[in-house]
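Numbered from 1 within each chain, the chains take letters A, B, ... in sequence-line order.
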2 protein chains.
Amino acid sequence: MRLVIAKCSVDYVGRLKAHLPLAVRLLLVKADGSVLVHSDGGSYKPLNWMSPPATLRTVAASDSELEEGVLEQWVVQSTKQDDKLIINIYEHIHESTHDLGTDPGLIKDGVEADLQRLLAAQIELLGTGYTLIRREYFTAIGPVDILARDAKGATVAIELKRRGDIDGVEQLTRYLELLNRDPLLAPVRGVFAAQQIKPQARVLAEDRGIECRTLDYDAMRGVDDSASRLF
Amino acid sequence: MRLVIAKCSVDYVGRLKAHLPLAVRLLLVKADGSVLVHSDGGSYKPLNWMSPPATLRTVAASDSELEEGVLEQWVVQSTKQDDKLIINIYEHIHESTHDLGTDPGLIKDGVEADLQRLLAAQIELLGTGYTLIRREYFTAIGPVDILARDAKGATVAIELKRRGDIDGVEQLTRYLELLNRDPLLAPVRGVFAAQQIKPQARVLAEDRGIECRTLDYDAMRGVDDSASRLF
DNA sequence: TTTTAGATCTCGGAG
DNA sequence: CTCCGAGGTCTAAAA
């Protein structure tokens with residue numbers, strides 16, 4: 001990994017065009033040829049970047065016609081796509097290179113799969129008398145998150161999201177259409193369960209007879225403290 | 001901006017939990033307190049991070065009970081949310097600090113908004129006699145990208161995407177259902193316009209009577225050269 | 001401030 | 001390989 005602090009301007013030409021005026025920035029060159037251009041603020045997304053695999057070619061001012069004041073130019077070319085990043089360096093402020101080795105990678109806990117497990121274990125949260133049929137009920141067009149039975153014995157298909165968006169309602173609608181063709185299951189009701197449900201998604205869901213439920217995952221996690229076993 | 005190369009382990013606790021085993025990584029501390037943990041590979045997303053605003057507190061091994069071999073511990077706490085990043089440093093390999101100043105920021109060209117502006121100005125690209133009704137025509141379920149009238153005076157709803165996917169066809173279908181309930185507008189045709197249209201999206205669109213059009217952004221920008229004044 | 005939809009999305013998994 | 005869905009999404013614009 002190579003770290004450079006430099007006064008530079010940056011241009012990206014590829015799927016779109018983007019330009020960064022002259023300023024001091026961090027240029028981070030990774031072992032796979034990818035380059036990140038970071039300023040001293042903002043979140044983790046760089047101002048500009050080149051995805052790997054890529055190759056970095058350095059053009060010296062003495063070798064070529066560069067703009068006035070440019071010490072050197074970096075041409076970062078994506079190997080797979082027709083994407084190019086051009087960095088004009090006007091002043092080198094810092095330079096260092098380090099061997100990091102390969103990273104063992106990230107271990108995660110608490111994503112949608114865990115929330116699905118929690119709701120399956122506390123299925124009565126959706127209503128008294130609810131019982132679980134199964135999680136990940138497979139259909140021809142994909143798995144239904146949770147299939148359950150309500151107090152009256154009717155089948156209920158549950159789509160689970162962290163944030164309930166229109167896309168999720170569409171997804172559940174497709175499942176319901178399919179499930180309701182199965183005489184052993186029909187009639188199947190739909191429940192759209194999420195931490196937050198967007199107004200537009202709620203309108204669409206209720207227009208289609210799909211029940212909307214907001215879930216308090218923190219409370220659910222508190223009931224089932226096996227979620228904290230990992231750490 | 002502070003750059004540290006260190007052998008470290010990292011734990012994030014917040015909306016989820018995530019753990020990084022011991023390895024050599026780049027730790028990037030920005031002026032707003034945000035921290036990025038990068039390895040020497042992958043794309044621009046850090047292995048782990050803390051979003052700004054945040055505060056970094058350093059705990060020395062002499063001041064506290066840290067695990068065996070830990071020289072110091074960084075506790076990065078989000079100011080706004082209950083998110084915490086804990087970095088245990090086992091070995092300092094590099095350290096440097098730089099003053100970057102504020103960045104003038106990125107100038108973009110070629111995103112969906114540009115495409116929409118260009119197509120609105122050159123609406124006759126869709127067919128002779130087409131006229132613009134308006135961009136961002138608001139409905140109860142969201143804005144239609146462009147509403148136009150064809151040579152015969154019929155209303156046309158246009159959904160614009162950079163990459164035409166099934167989602168975009170579904171979106172346009174919803175708009176068409178709604179618009180066709182309005183007797184002042186009905187009948188409304190649909191046009192799905194994108195730089196590229198995925199085969200599955202094209203099949204679905206045409207099955208629903210929606211016309212597909214691919215757009216040449218470069219050519220459209222060439223006609224309206226106000227877009228090129230930026231560079 | 002909150003909401004909404006795009007993104008050079010990135011990233012991982014399934015087929 | 002492509003396609004699809006999730007994300008500690010991030011980001012900017014609009015209400």
Comparing B:Pro143 and A:Met50 on DNA chain C - which has the more 5′ nearest nucleotide
B:Pro143
Looking across every strand, which nucleic acid part, if any, lies under 4.0 Å from A:Arg174 by heavy atom: base, sugar-phosphate, or nothing?
sugar-phosphate
Distance, rounded to the nearest Å, where A:Asp145 contributes CG and D:dC4 contributes P:
17 Å
C1' atom, C:dT8 versus D:dA14: distance in rounded Å?
24 Å
When you look at CG of A:Asp82, are more than 12 heavy atoms from neighbouring residues, nucleotides or ligands closer to it than 6.0 Å?
no
Checking all strands, does B:Ser51 fall into the base, sugar-phosphate, or nothing category for heavy-atom contacts under 4.0 angstrom?
base
Distance between P atoms of D:dT11 and C:dC11 (Å, rounded)
15 Å
Take the protein atom CD1 of A:Ile166 and the nucleotide atom C1' of D:dG5, then report the distance between them rounded to whole Å.
17 Å
Applying a 4.0 Å non-hydrogen cut-off, can you work out what B:Arg162 is touching in the nucleic acid: base, sugar-phosphate, or nothing?
sugar-phosphate
For the side-chain hydrogen bond (donor to acceptor under 3.5 Å, both in side chains) test, which of A:Lys7, A:Gln73, A:Glu72 pairs with A:Asn88?
A:Gln73
Here's a test of your reading of the structure: between B:Tyr44 and A:Asp165, which maps to the more 5' nucleotide of DNA chain C?
A:Asp165
Could you measure between the two C1' atoms, the one in C:dC9 and the one in C:dA5, and give it in whole Å?
13 Å
When the distance from NZ of B:Lys161 to P of C:dA7 is rounded to whole Å, what number comes out?
8 Å
